[in-house]
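Naming: A, B, ... by sequence-line order, numbering from 1 per chain.
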Amino acid sequence: MTDFKKRYIEVRKKIIEHDFARLNTEQRQAVMSTEGPLLILAGAGSGKTTVLINRIACILKYGKAADSDEIPAYADERDLEFLENYSGLYSPEDKARAEELCSEDPAEPWQVIAITFTNKAAGELVSRLEKMLGGRSGEIWASTFHSACVRILRRDITALGLFSRNFTIYDTSDSTSLIKHIMRETDTDEKKYAPRAVLSAISAAKDAMLTPEEYLRSAGIDPWKKTVAELWKEYNRRMIQADSLDFDDLILYTVTLFERCPDVLEYYRRRFRYVLVDEYQDTNMLQYKFISLLSGGYRNICVVGDDDQGIYKFRGASIENILGFESQYSDARVIKLEQNYRSTSTILQAANAVIRVNAQRKNKELWTDNEKGGPISLYTAMNENDEAQYAAACILKGHTEGEKWSDYAVLYRINALSNRLEYAMKRNGIPYRVYGGMRFYDRAEIKDMLAYLCVINNPDDELRLRRIINNPPRGIGDTTLDKASAIAEREGKSLYRVLTECGDYPELRTAYSKIKAFTDIIEELRAASTDTLDELYDRLVRLSGYMTMLEAKDTQDNITRAENVSELKTNIISFVRERGGVCTLADFLDEMALYSDTDAMDGDDCVALMTIHSAKGLEFPNVFIVGAEDGIFPGLKAIGEQDEIEEERRLCYVAITRAKRRLWITNARQRMLFGRTQSNMVSRFVKDIPDELLDKSGASQTGYSAAYSSYGTPRAENRGRYMGGYSSGVRPENSVKSRPSSLSRPAPISLDYKAGESVIHKAFGKGMILSAEKMGPDMVVEIAFEKEGTKKLMISSAGRYLTKIGK
DNA sequence: AATCCGGTTCTTTTT
DNA sequence: GAACCGGATT
């Protein structure tokens, strides 16, 4: 190598490094290793999204210059001199010249694809790219596995000869309904073949890239597998007939397409010079295959992940993908990001101590420059009510000291633990939000409306057709549908086609007018499907009679459902606006199929209640981990299974590393769960945390515990009185008998509240006192809030949030 | 078609 | 303890 070249490369590297000076050494190294296979092992809170964003910026700006020996052919001594004297402080012209001289084949945005698991992660990537790169970022494919595959399939799926470009996407509940429907038709015992188990067997088989025939062969004489193979075959047949793909199919058929059609694969390989994958530890075999194929041309594959945070084995993620990356690519470079910017060193030490026990992991240890911070509080409660009350009391105390509600998160292993916590939050007047419950798009009425839209878009979608044909009731029952189905089968036509031609079939004579009325509606809507989306939706709501059905009975349930139906229109309008006004029905349905609104973490000031799984990727200043007991965390099923325990341990690691400043861990001596009382040992994971990091003083305050031990069972006379006193809309849990908290009890309590007075509550807003009843040194007030309904509150805990106002 | 009863099951979850 | 599903009943 000439001296000139050496000097050039050296100064170029310096200038690029200077551009990423805000990053730490390892981060910068990861950003600048643009060529060839790269594995970034990014510990919790180590800034991995920052690295991804900067790496893309580097690729677009400098191309391979940061990671290559090539230099511009035209560069001469004067250029080199210029670079060597360049310090970044010169005029815009100089800057442009330096950038030009330092770049080598810079990539176009459309040559970059960044793949994540969730919409939320993809969304974050998109917005941070936009912030850093501006409008140019729009052409980067930053999307989930599934939406990337949909994009590919919408263009090329016809090459497989099985589906049209207009295919429909089935979600998990659609798949479940279809498999149940098939099981009913084939008289398969749902006890023996639980639909969920059947589906996950099919999913696993697809992940192994088996066909139903191969699966059947591998089944041998296993009757269960044999049946599953049959069901799967029929399931596939129906999916093809309905022009539909389920979530697994989206990836599976993309991989199949790549394997069967070399020209298609070649097209994408040439296009995507740089492939980046986030959360690589969560990929399954199929996704791995997809990535390998896609990046197989340029081999510029960068995967980011943390083997210690792999917590989705149960849904097919194979941690071997990340552990085996180096053997897949012998020339792979590995960079570890071990500096944590999130947590106190105490919290980090605890996390390290827990995860260190795992055998199956890359050797990696987080460290931080952050302050030591306070110890981790360990509290052993009498029972689950005491535990919940403890958390609530700590949160209240923190709030009076200036913390926001949203600075707190309470994490649990299983959803079943959320109940008591909710009660405790309500009782204490703490605003909270439970994440991961029923989602907007899972509601029956929303699914119904979307099913209508699906049928308008693709009438061959028999599953959705069946969902809506008699909803609202149109007198088209199972008998009629069975007859029509049989005809469809016989004639090789779709069910919908048979219905439109029902006049031709004497078997359908009796139901003729009813069927005709239905198909007329659908036909009219189909004709209107070129309208703007919101007009089409208005027409649908009117013609289908759905709203009329809901308005017929004004129960609370129906009112809510009607509101949701209207709310969907708001979503449609804002979706169309986001797309700049141009958007087809098919676009909208794609979005709906792949979107989950868990992403919409609204900015309300609320305490967050969620499972540890859903907390992954998030961070909070203050975190509670409740239910830290053997049998719950780790779960009963995991105990004794080495692999499972390791996964639970990773889960514990994830939980601990969510906390930035303070961490509480709680367990209960006795716990009522699934209708039985159990007493568990403190979690083995807690025992792995060194004593000097823990503050166990909370556990010795037995008096505190005892005060709450009777929550779950209010005495009979109390229960009777309360039950009699409910006004409409009161939920019983709001009135669970409460006692003052010794932690949050202010010195003198004002008991000056009377029925009829108006008050403002800090979290619940305006309300009127319905009743006020003394209870020892405390007082229970029942307040009808304008927005939040009626609640019963204890003055001892809620008093400080109450202000009296005039009428 | 709507409602009631009784049996069953209960990790974790995204797409 | 609660939610969900299916079958039976009206």
Whole-Å distance separating the [atom1] atom of [X] from the [atom2] atom of [N]:
X: A/Glu422; N: C/dG1; atom1: CD; atom2: C1'; answer: 15 Å
X: A/Asp174; N: B/dT15; atom1: CG; atom2: C1'; answer: 13 Å
X: A/Asp282; N: B/dT12; atom1: CG; atom2: P; answer: 17 Å
X: A/Asp246; N: B/dT14; atom1: CG; atom2: P; answer: 17 Å
X: A/Asn419; N: C/dA2; atom1: CG; atom2: P; answer: 7 Å
X: A/Lys313; N: B/dT13; atom1: NZ; atom2: P; answer: 18 Å
X: A/Lys120; N: B/dT13; atom1: NZ; atom2: P; answer: 13 Å
X: A/Ile612; N: B/dT12; atom1: CD1; atom2: P; answer: 11 Å

Open item on the list: If you only use heavy atoms from C-beta on, which nucleotide in C/dG1, B/dT12, B/dT15 is closest to the side chain of A/Thr118?
Closed with: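 Of the options given, the side chain of A/Thr118 lies nearest B/dT15.
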
Open item on the list: So A/Thr172, base contact, sugar-phosphate only, or nothing? Heavy-atom distance under 4.0 Å.
Closed with: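 Base, at least one base heavy atom under 4.0 Å.
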
Task: Sugar-phosphate only, base, or nothing, as touched by A/Phe145 at under 4.0 Å among non-hydrogen atoms - done: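 Since no nucleic acid heavy atom lies under 4.0 Å of A/Phe145, the category is nothing.
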
Task: Parallel, tilted or perpendicular: rings of A/His613 and A/Phe314 (30°, 60°) - done: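 Rings of A/Phe314 and A/His613: perpendicular, over 60°.
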
TODO: Look at the rings of A/Phe290 and A/Phe258 and say which category their plane angle falls in: under 30° parallel, 30 to 60° tilted, over 60° perpendicular.
DONE: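 Ring orientation of A/Phe290 relative to A/Phe258: parallel.
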
Any donor-acceptor pair under 3.5 Å linking the side chain of [X] with the backbone of [Y]?
X: A/Arg467; Y: A/Leu463; value: no
X: A/Tyr412; Y: A/Met610; value: yes
X: A/Thr666; Y: A/Glu387; value: no

Task: Nearest-nucleotide comparison on DNA chain B, the residue closer to the 5′ end among A/Asp171 and A/His613 - done: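 The residue mapped nearer the 5' terminus is A/His613.
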
Taking N or O atoms only and anything under 3.5 Å, show me the protein contacts with nucleotides 6-10 of chain C, one pair per line.
{"from": "C/dG6", "atom 1": "OP1", "to": "A/Glu190", "atom 2": "OE1", "distance (Å)": "3.4"}

- [ ] Determine whether more than 12 heavy atoms belonging to other residues, nucleotides or ligands lie under 6.0 Å from atom CZ of A/Arg155.
- [x]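 More than 12 heavy atoms, drawn from other residues, nucleotides or ligands, come within 6.0 Å of this atom.
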
TODO: Mark yes when over 12 heavy atoms from residues, nucleotides or ligands other than A/Met681 sit less than 6.0 Å from its CE; otherwise mark no.
DONE: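 No, the 6.0 Å shell around CE holds no more than 12 heavy atoms from other groups.
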
- [ ] Could you pull out all residues at least two apart from A/Thr677 that satisfy side chain to side chain contact (heavy atoms under 4.5 Å, CB included)?
- [x]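 Listed in chain order: A/Gln670, A/Met672.
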
Open item on the list: When you compare the side chains of A/Thr227 and A/Lys192, does any donor N or O come within less than 3.5 Å of an acceptor on the partner?
Closed with: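 No, because no side-chain N or O of A/Thr227 sits under 3.5 Å from a partner of the opposite role on A/Lys192.
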
- [ ] Could you give the distance separating B/dT14 and C/dA3 at their C1' atoms, to the nearest angstrom?
- [x]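 C/dA3 and B/dT14 have their C1' atoms separated by 23 Å.
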
TODO: Could you give the distance separating B/dT12 and C/dC5 at their C1' atoms, to the nearest angstrom?
DONE: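 One C1' to the other, the span is 23 Å.
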
Close N/O contacts between protein and nucleotides 1-11 of chain B (under 3.5 Å):
{"from": "B/dT11", "atom 1": "OP1", "to": "A/Lys637", "atom 2": "NZ", "distance (Å)": "3.0"}

- [ ] Could you pull out the closest heavy-atom pair between A/Arg474 and A/Ile469, with the gap in Å?
- [x]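 Shortest heavy-atom separation between A/Arg474 and A/Ile469 comes out as NH1-O, 2.9 Å.
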
- [ ] Have a look at B/dT11 and give me syn or anti from its glycosidic angle (syn if within 90° of zero).
- [x]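 Syn, since the glycosidic angle lies within 90° of 0.
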
